[in-house]
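Here the structure comes first, spelled out in structure tokens, and everything after it is commentary.
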Amino acid sequence: MNSFTDNLRKIEPYVPGEQSKEKDIVKINANENPYPPSPKAVEALKSFNTDSLRFYPNANATVLKEALAEYYGVEVENVFVGNGSDDVLALAFQSFFCSDKPIVYPDITYSFYPVWCELFNIPFKTYPLDKDFRINVEDYREQNGGVVIPNPNAPTSLCEGEQFIRTLLSYNTDSVVIVDEAYVDFGGYSSVALTKEYENLLVCGTFSKSRSLAGMRIGFAIGSKTLISVLEAVKNSYNSYTVDSLSIAMGIASLEDDGYFKSTINKVIATRSRVTNELRALGFEVLDSSSNFILVTHSDYSMKEYFEFLKSKKVFIRYFSLPRIDKYVRITIGTDGEMDVFLAETKRFLEEK
Ligand SMILES: *Cc1c(COP(=O)(O)O)cnc(C)c1O
């Protein structure tokens with residue numbers, strides 16, 4: 001028997017960190033920023049002229065692109081904006097990964113990549129990270145249909161430097177290389193300057209983590225005019241207005257408040273080093289993070305039990321029951337107060353188990 005359901009799309013979607021409605025929880029499971037957005041961004045929202053919502057947003061979000069171009073020292077034609085960097089990355093996959101050869105990325109990485117490959121029928125191949133969870137750049141010498149890596153990588157938190165990216169680009173001159181810099185502001189190396197030298201390099205960024213605007217959905221990409229114009233053409237083939245008027249206004253205001261931006265980042269970095277040291281003193285192994293999260297394990301305890309214990313105490317961290325990282329947990333850096341609760345419950349776990 002045929003059924004209309006035979007022709008429906010069957011797909012396994014990406015599963016984000018749990019969003020709980022419970023009160024009094026410590027939510028350090030989705031790499032969100034614990035601090036509020038810039039007061040200037042809040043002011044842009046409060047003083048927003050709602051009558052203007054009758055109109056479509058600023059054509060092509062040019063005003064937001066101009067602000068980003070100025071911030072990063074590039075031309076407006078080198079900037080693309082979208083509805084969160086997930087939107088930008090999904091468009092980049094459709095725009096640049098059209099070869100019959102597989103695209104390549106690390107085996108432990110952002111779990112949205114395989115989902116987009118499946119959705120857009122893009123063949124892919126993964127290369128295993130080494131035993132220290134680092135990317136072996138030599139793997140990326142092989143012919144491929146494109147390269148995508150997060151730098152810093154998620155969920156490892158590790159960042160590669162300029163030499164690594166240059167080597168990667170020298171091995172991949174015939175395909176597009178996407179560097180997903182969702183966490184770069186927390187102390188990582190940014191490849192934005194290299195986009196002026198390498199026409200096939202696309203760097204993606206987001207306002208979700210370092211700018212505390214995950215709820216506004218603002219993402220961007222910086223690359224050569226050639227790459228950006230293809231992204232624009234693909235975007236304009238299905239939805240011309242991906243960035244709404246409010247996001248444009250708040251995004252610009254956030255970029256104008258560099259003092260606040262740097263101060264919240266410095267707070268996250270300071271808390272990260274304190275928590276890293278305290279966990280190491282308790283016998284945990286903590287990778288050297290360049291992100292707003294840490295990847296952690298302990299040789300004497302099950303990390304799944306640790307995750308469940310903390311959950312029962314209303315402290316939400318992230319556990320991935322995936323090969324190779326199921327002995328680790330990922331912990332987002334919250335405020336000092338939140339991390340004190342987390343550390344107190346961690347000590348209780350070590351005592352009780
Ligand atoms: C969070 C994240 C993104 C996407 O963020 P948006 O909220 O869609 O801007 C992209 N890549 C990585 C590696 C991330 O962790």
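When reading the values below, keep in mind they use all heavy atoms of this one structure, side chains included, and skip hydrogens, waters and symmetry mates. Quantities reported herein were computed from a predicted structural model and do not represent experimental measurements. Counting convention: from 1, in listed order, for ligands and their atoms alike.
In this pair, F349 and Y301 present their aromatic rings tilted. The plane angle is within the 30 to 60° band.
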Quick one: table the atom pairs, ligand 1 N or O against protein N or O, below 3.5 Å, distance rounded to 0.1 Å.
from	atom 1	to	atom 2	distance (Å)
ligand 1	5 (O)	S85	OG	3.3
ligand 1	7 (O)	S208	OG	2.6
ligand 1	7 (O)	R217	NH1	2.8
ligand 1	7 (O)	R217	NH2	3.3
ligand 1	8 (O)	S85	N	3.2
ligand 1	8 (O)	D86	N	2.9
ligand 1	8 (O)	D86	OD2	3.2
ligand 1	8 (O)	R217	NH2	2.7
ligand 1	9 (O)	S85	N	2.6
ligand 1	9 (O)	S85	OG	3.0
ligand 1	9 (O)	T206	OG1	2.5
ligand 1	9 (O)	S208	OG	3.3
ligand 1	11 (N)	D180	OD1	3.2
ligand 1	11 (N)	D180	OD2	2.7
ligand 1	15 (O)	Y183	OH	2.6
ligand 1	15 (O)	K209	NZ	3.0

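Residues in residues 141-199 take part in these ring-ring contact (aromatic ring centres under 6.0 Å, His included) pairs, two or more places apart or across chains: Y183-F293.
Between Y328 and F133, the ring center distance clears the sub-6.0 Å criterion.
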Can you give me every donor-acceptor pair (side chain of residues 95-105, partner residue at least two apart or in another chain, under 3.5 Å) with its distance?
from	atom 1	to	atom 2	distance (Å)
S95	OG	L91	O	2.6
S99	OG	K101	N	2.8
K101	NZ	Q143	OE1	3.0

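Cation-pi contact between K313 and F309: present, with separation from the ring centre below 6.0 Å and deviation from the ring axis of at most 45°.
Not counting sequence neighbours, K40 has no partner by the salt bridge (charged side-chain N to carboxylate O under 4.0 Å, His left out) test.
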